[in-house]
S.K.: 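Following this message is one structure expressed as structure tokens.
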Amino acid sequence: MLRLTHKWLEQEVDAIKNQGLYRQLRTISPSSRSKKSYIDGKENIMASSNNYLGLAGDKRLTDEAVTIMKEYGVGSTGSRLTTGNTIWHEKLEQRIAEFKNEEAALVFSSGYLANIGVISSLAGSEDIILSDQFNHASIIDGCRLSKAKTSVYRHTDMEDLEVKLIHNQHFRRRFIVTDGVFSMDGNIAPLREIKVLAEKYDAYIIVDDAHATGVIGKNGRGTADHFDVPVDVTVGTFSKAIGTEGGFVAGSRPLIDYLRNRARSFIFQTALPPGIMAATIKAIDIIESTPELQSHLQHLIHLIRTELLDYGFDIRGEHTPILPVIIGESEKSMYFSKALEKEGIFAPAIRPPSVPNGESRIRMTIMAAHTEQDIQQICKTFYNVGKKLEVI
Ligand SMILES: *Cc1c(COP(=O)(O)O)cnc(C)c1O
């Protein structure tokens, strides 16, 4: 019997290790749902979770999930188009459409699957996708899966985008795809400018609002609301500020009807558990009725950005919960992260290929569950570690 030999795999892994890019898993305890977490048994202030509003462990959500799970069971038993669809999936889709101010919405099993399904089914071989250089991996994979040509424009560079639009007028359709809030840099896409170009050169806009939903725009409605600019397709996830699990697409009724029939990652995927759908509805209700969550978060973001800039750190981003502190070399960023952890702050280093070479960073995230004291402690620790490692 022929067996996969492992020698070449070991060599590949060694090569990754030699570049200082070897990835390993950390064991996070249930308390990571809140701002304190036990990582490999040690208590830390969590400063890198995507649980921006602190809802992932919220009792109102877990109670709702448990109640519905007791009634409907844990698994959904099939894809949405066969046996997996329930009233909770449908209610959630109505709720998202209302929340996003769109005609309709479609729930996918994750944001990743939503992106690959949307992009690969909308853009065909006669079309072109114009994609921001720093778009999320799931957008890149969606472009790879589609038969369309992909042209990558420099990060948020509108001149470059315009040149590429001008040169590609011969394609049947043009799709501009961008993160709303960029996941590694924390900045917001220039949607007003993108809209002007899209109208001028006849292009559709697809926005990935994974990090924007629940965070920017009125009541957390996202990037389109933040700029008051309508877009053609909004993709999002429940796994960040909303605190649960799953992805979605929101837009026109024909868009959603088309995706339900053509998006392979929707059709060939088992539906999410109904309990999670119900908890997600609860989360959107809470986000809409508690604007204080968003305003407290913005207050903390302002505090920490001001302080870290004062200390002389090279920080990126805007007023979003993602706060990248640029360290430079990947090994140094690993040391930095380890030193933070020793002092009780959990914020891992992000290294290539997730970010460009020489731009390794600590990707910190702020949560509404943090207090001003937590922020002070984080800043103090950053200062001490930054001095010690000569980053500032
Ligand atoms: C996290 C993320 C996704 C994927 O969402 P999941 O629900 O975790 O699969 C997609 N796009 C962006 C920009 C993200 O940050």
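Numbers here are sequence positions counted from 1. Each ligand, and each atom within it, is numbered from 1 in the order the structure gives. When reading the values below, keep in mind they use all heavy atoms of this one structure, side chains included, and skip hydrogens, waters and symmetry mates.
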S.K.: Strictly distance-based, threshold 3.5 Å: is any side-chain N or O of Arg361 a donor or acceptor partner for the main-chain N or O of Met184?
M.R.: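 Yes.
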S.K.: Quick one, Lys100 and Asp209 - any side-chain contact, counting heavy atoms below 4.5 Å?
M.R.: yes
S.K.: So does Lys200 pair up with Glu162, basic N to acidic O under 4.0 Å?
M.R.: yes
S.K.: Taking the six-membered ring for Trp and the single ring otherwise, decide whether the centroids of Phe313 and Phe382 are under 6.0 Å apart.
M.R.: yes
S.K.: Using 4.0 Å as the upper bound for N to carboxylate O, is an ion pair formed by Arg95 and Asp285?
M.R.: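 A salt bridge links Asp285 with Arg95.
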S.K.: Got the residues with a heavy atom under 4.0 Å of ligand 1, by chain and number?
M.R.: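 Ligand 1 is contacted, at a heavy-atom distance under 4.0 Å, by Ser110, Gly111, Tyr112, Asn115, His136, Ser138, Asp179, Ser183, Asp208, Ala210, His211, Thr237, Ser239, Lys240, Gly246.
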S.K.: Using a 4.5 Å cut-off between side-chain heavy atoms of Ile, Leu, Val, Met, Phe, Trp and Tyr, which other residues end up in the same hydrophobic cluster as Phe171?
M.R.: Ile128
